[in-house]
Amino acid sequence: MTPLLTEAAVGSVPDAATRAALLADDPLWLILLKCVVILLIGPIMTIFLIVWERKAVGRMQNRPGPNRVGPGGYLQSLADAIKLPFKEQIIPDTADRKVYFLAPVMCVVPSLIALSAIPFGPVVSIFGERTVLQLLDLPVSALVILACSSIGVYGIVLAGWASGSPYPLLGGMRSAAQVISYEIAMGLSIVAVILQAGSLDLADIVSKQQPAWFLYLVPSFVIYLISMVGETNRAPFDLPEAESELVGGFHTEYSSMKFAMFFLAEYVNMVIVSAFATTLFLGGWMAPWPLSLIGNNVLNTGWWPVLWFFAKMFILLFGFIWLRGTLPRLRYDQFMRLGWKVLVPLNLVWIIMVTFAKVIAWNTASIIIAAVAIFIVVALFFYVRAAGREEESETIPVTGGGFPVPPLDLKVPQTTPRQKALAKAEAKAARRKPAAVGTAKEGAQDGVS
């Protein structure tokens, strides 16, 4: 056994070299066990979240929710999971069959892979083998999570295109624009965390939060929370599905098990972005502050950290449910304006401020200078915004809702171009029509007499 492994006590927070040594020393059965557990987290959490969401939203809307299958209706998701594979599979005649079958797989597989880079706990002992609760420890594991979450949009776009129907295609195009917009905001929101931690390794980011969580990076945390709702196509940002306007969006033409795979991908993505937020901003697997003082930090050892990690993740997952039950869906232009004109500029300003704070020595003069700089930035922001509104109001007359209205001297034509073309065609056909037979006979009789 190497010296690094002998120094790694159970419950300790190992450095990068110790983590690499522990993972390299894992036997094959332990690696397979980790793979199976990570693959099962997604489906099990999906079954639980569907029941939890339906019951919580039902409670918010003063209705019972599922209450027939199993005790209290808690086996409803299990019944749905058994029912969906046996439902009839309907494939449109106009569908591209190969891409049609491949799209759900492209949504699910990246979602399941992303969980392998999340650190769930410190050094633990599993059947006598010391290891870390993590399958992969990469120097750029934060970028791996972002890459896996963004690859899933290819499945949505291909599903909309391969269905051979206009409504799924519109939903797929919406999803592409949405993920591009909010992926930029999400990526910028973790820059401040990376600057504070000095690493892209998620395990290092967790270890750097021992004195204090990165929750004090409030602007980054708030922007990340908004971006993760848009990234996962959840209400009120569920524009790619938009049942009221696109029937069901990109998965309108899907049924049976392929529809269940889209459903699974959505909820697994919710789990991934919640686990990512827990790791970046909420201390990862570390116990909250009052509990961390109990018994000389005993609650941060053993298997206790797994409990704290999932407790924080469940709080964020409940936020998804709460938003779905309380907020209406945004209009598409409002949604795009929020991403490009609010979140991205605020992110850039915040990154500059964090960088400025990292390179200067904080004293009274520095605090005053920073306060003045913040005031000037905020004042310029509101000035540019007000100037833009005045310019817009001068060029386009709008109502209170922001829609252009027709001018007051608008003259509606009596006939449309199509009606004029039809009238012209009818007149030409009437000129070419031969004279009636009865009229010709009467003319001949008149000539004889």
Side-chain angles (χ1 to χ4, degrees), residues 11-16 19 114-115 117-124 132-134 137 140-146 149 185-229 231 270-320 322 343 346-347 350-351 353-358 362 370:
S12 63
V13 182
D15 56 9
R19 288 195 306 271
L115 286 172
I118 298 290
F120 292 97
V123 178
V124 296
V132 289
L133 291 177
Q134 190 175 0
D137 184 33
V140 290
S141 51
L143 298 183
V144 172
I145 304 294
L146 290 177
S149 62
M186 180 181 286
L188 290 174
S189 65
I190 72 171
V191 172
V193 176
I194 295 170
L195 290 173
Q196 286 295 108
S199 174
L200 283 167
D201 192 339
L202 293 180
D204 286 339
I205 292 175
V206 173
S207 63
K208 293 295 176 61
Q209 298 182 65
Q210 276 187 311
W213 295 355
F214 289 158
L215 190 59
Y216 61 81
L217 300 172
V218 179
S220 294
F221 183 56
V222 172
I223 292 172
Y224 180 89
L225 291 180
I226 298 173
S227 301
M228 77 178 187
V229 179
E231 179 79 8
M270 290 168 54
V271 174
I272 290 171
V273 295
S274 299
F276 198 35
T278 300
T279 305
L280 293 176
F281 299 100
L282 302 180
W285 44 263
M286 294 184 181
W289 168 68
L291 299 177
S292 61
L293 302 178
I294 297 176
N296 194 18
N297 205 19
V298 68
L299 295 181
N300 273 332
T301 60
W303 290 90
W304 284 104
V306 181
L307 175 63
W308 312 133
F309 185 90
F310 278 93
K312 299 171 189 176
M313 191 172 69
F314 280 135
I315 293 174
L316 295 175
L317 288 171
F318 180 70
F320 282 101
W322 198 347
L343 298 185
L346 286 180
N347 245 324
W350 173 243
I351 291 171
M353 293 171 58
V354 172
T355 308
F356 180 73
K358 290 282 291 182
W362 285 104

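The structure displayed is predicted, hence computed values, not measured ones.
Among residues at least two apart or in separate chains, salt bridge (Lys or Arg N to Asp or Glu O under 4.0 Å) pairs with a member in residues 191-205 are Arg19-Asp201, Arg19-Asp204. Sorted by first then second residue, the ring-ring contact (aromatic ring centres under 6.0 Å, His included) pairs that include residues 190-223, not counting sequence neighbours, are Phe221-Phe281.
Smallest separation of non-hydrogen atoms from Ile205 and Ala197: CG1-CB, 3.8 Å. Closest approach of Leu133 to Gly121, counting heavy atoms only: CB-N, 3.6 Å. Residue Leu282 comes nearest to Leu215 through the heavy atom pair CD2-CD1, 3.7 Å, listed as atom of the first residue, atom of the second, then distance. Nearest heavy atoms, Ala203 versus Asp137: CB-OD1, 4.1 Å. The two atoms that bring Ala114 and Ile145 nearest to each other are O-CD1, 3.1 Å, heavy atoms only. The minimum heavy-atom distance between Ala275 and Met313, with the atom names listed, is CB-SD, 3.7 Å.
Here the straight-line distance linking atom NZ of Lys208 with atom OG of Ser199 works out to 6.5 Å at 0.5 Å rounding. Note that CG of Leu217 and CH2 of Trp350 are 6.0 Å apart. Values are rounded to the nearest 0.5 Å. Once rounded to the nearest 0.5 Å, the distance linking CH2 of Trp308 with CG of Asn300 reads 8.5 Å. Rounding to the nearest 0.5 Å gives a distance of 9.5 Å between CG of Leu225 and CE of Met186. Taking CG of Leu316 as the reference point, atom CZ of Phe276 lies at 13.0 Å (rounded to 0.5 Å). For the atom pair CZ (Phe310) and CG (Leu317), the distance works out to 10.0 Å, reported to the nearest 0.5 Å.
Within the 3.5 Å criterion, the main-chain N or O of Thr279 finds no donor-acceptor partner in the side chain of Lys312. Judged purely by atom type and a 3.5 angstrom limit, Ser141 uses its side chain to pair as donor or acceptor with the backbone of Leu202. Using a distance-only test at 3.5 Å, with no hydrogens or angles considered, no donor-acceptor pair links the side chain of Ser274 to the main chain of Val271.
Contact check for Val229 versus Phe320: side-chain heavy atoms found under the 4.5 Å cut-off. With a 4.5 Å cut-off on side-chain heavy atoms, Asn347 and Ser189 count as touching.
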Stepwise side-chain contact (heavy atoms from CB on, under 4.5 Å) check, Leu146 with Ile190 | CA-CA 10 Å; Leu146 290 177; Ile190 72 171; 3.6 Å; yes
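Checking each of Phe314, Trp304, Phe120 against Phe309 for a ring-ring contact (aromatic ring centres under 6.0 Å, His included) leaves exactly one that passes, namely Phe120.
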